[in-house]
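Below you'll find the structure, written out as structure tokens, and then a few comments.
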Amino acid sequence: MKTFIQKIIVLTICTIALASCEDVVKIKLDKGSKLVVIDAFIDDLRKPQIVRVLNNADYFSGEASEPISNAQVVLKDLTANKSYTFTYSGNGNYQFNLTVNDTIAKTNHQYELNVSVNGNLYTAIATQKRRAIASKIDLKKDFPFIDTSGIFLGIADTLIEPSGFGGNQPKPYYTSLLFAVDIADNNPDYYRIKVFRNDTLFSKAGDIIVCVDGTNGEIYNSTEPANFFSPPATFLGFKEYQKNDKCRAEIHSISRDAYNFFIQAQAQVSNGGLFATTPENVRTNIVSPKDGIKGVGWFNMASVTTSSLVMGL
């Protein structure tokens, strides 16, 4: 199965190749250039950390991407002068197992990712940004408040009773609403919000939620110590839940470049129809070797705040 990153990269390449023709001719589509796809979103959650390394398949082939099983993957903490070697666990996944009370991801540390494939070295640099909520996580079903520490996170649930006319009546369902705050200073914070139902991530392109300072733009000269997140981020994608379903939200800190990567990728996936814009190559922060297969994908280090709620309880 192709990841979202792989699909958007290969689709964009194919579209650009077709759009460059001015004359109407019959074209036999080539399979396109082979790419090394590196998907490296590492965070400070106490769980195994994964870096995916694959060769992309032709977008139109319907075949699964080919896992690369002979890579060497090393994460370097340049700030602490430490290195972490990831081991192959199958299906293109390279894994680093953490101890219960440990994490390899530290706020404000700079990291370098090294991925070697058949003697070709792919590198990327990332600095881990601060989390949205720093010292306290709470869960409330009523309107949120900022406590004495100035920090709060919660998820509220709402029961929706659909209307119907005759036949089978639609079942009622729950929606969720995120309450979170961003530290209010003149340093913009960029976030990706992941939403889960019963520990399954909503992972389609349209499910990617990103925001700046918890809103649609940067906030400067705020009079408050913290700013509440605002719609549309707080709606968590308008996902529907049944009673006893668990909703979990994770707020991942990302770099400004990673934010722009997600915005551009979403635009390319939804680009089409009468008002389609000229397609463009989706950015990457993977530096490829001078002589070797091109590397694409993204590397990000994240600080994460998370909370969950079982619906109807």
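Nothing here was measured: the structure is a model prediction, and the numbers come from that model.
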Cationic N near anionic O, under 4.0 Å, Arg130 to Asp189: yes

The single option from Leu75, Val115, Asp39 passing side chain to side chain contact (heavy atoms under 4.5 Å, CB included) against Phe299: Leu75

Over-ring placement of Arg248 relative to Phe196, 6.0 Å and 45° cut-offs: yes

Minimum heavy-atom distance between Gly92 and Pro67, given as atom pair plus value: N-CB, 3.3 Å

CG on Leu121 to CG on Asn114, rounded to 0.5 Å: 5.0 Å

Residue pair Asn198 / Asn244: nearest heavy atoms and the distance that separates them: OD1-O, 4.4 Å

Glu112 vs Val74 side-chain heavy atoms within contact, under 4.5 Å: no

Shortest non-hydrogen separation from Ala132 to Tyr191 and the atoms involved: CA-OH, 3.4 Å

Student check: side-chain heavy atoms of Ile193 and Val210 closer than 4.5 Å: no

Heavy-atom side-chain contact between Leu78 and Tyr111 under 4.5 Å: no

Short side-chain donor-acceptor distance under 3.5 Å, Asp43 and Gln49: yes

Heavy-atom side-chain contact between Ser176 and Asp157 under 4.5 Å: no

Hydrophobic cluster identity match, Tyr190 and Ile263, side-chain contacts under 4.5 Å: yes

Side-chain (Ser253) to main-chain (Lys129) donor-acceptor, under 3.5 angstrom: yes

Pairs touching residues 229-243 that satisfy side chain to side chain donor-acceptor pair (under 3.5 Å), sequence neighbours left out: Asp207-Lys239

Same apolar cluster (I L V M F W Y, side chains within < 4.5 Å links), Tyr84/Val73: yes

Asp182 versus Asn227, side-chain donor and acceptor atoms under 3.5 Å: no

Thr175 side-chain N/O to Phe238 backbone N/O, donor-acceptor pair under 3.5 Å: no

Spacing of OG belonging to Ser65 relative to CG belonging to Asn55, to within rounding of 0.5 Å: 8.5 Å

Flag if over 12 foreign heavy atoms under 6.0 Å of CG, Asn70: yes

Gln110 side-chain N/O to Thr79 backbone N/O, donor-acceptor pair under 3.5 Å: no

Same apolar cluster: Leu98 and Leu113, side chain cutoff 4.5 Å: yes

Tyr259 versus Gln264, side-chain donor and acceptor atoms under 3.5 Å: no

Distance-only polar pair, side chains of Asn285 and Asp257, donor-acceptor under 3.5 Å: no

Sidechain N-carboxylate O distance under 4.0 Å for Arg46, Asp102: no

Heavy-atom closest contact (Glu161 atom, Leu159 atom, distance): OE2-CD2, 3.9 Å

OG1 on Thr127 to NZ on Lys106, rounded to 0.5 Å: 16.0 Å

Flag, side chain of Asp213 to backbone of Thr215, donor-acceptor distance under 3.5 Å: no

Arg52 side-chain N/O to Val37 backbone N/O, donor-acceptor pair under 3.5 Å: no

Any side-chain donor near an acceptor of the partner, Ser303 and Gln128, under 3.5 Å: yes

Shared hydrophobic cluster, Val212 / Phe261 (ILVMFWY, side-chain heavy atoms < 4.5 Å): yes

Side chains of Phe229 and Phe179 in contact at under 4.5 Å (non-hydrogen atoms): no

Geometric class of the Tyr94/Tyr88 ring pair [parallel <30°, tilted 30-60°, perpendicular >60°]: tilted

Transitive ILVMFWY side-chain link Leu309 to Phe202, under 4.5 Å: yes

Any side-chain heavy-atom pair of Asp245 and Val310 under 4.5 Å: no

Short side-chain to backbone donor-acceptor contact, Asp44 and Val304, under 3.5 Å: yes

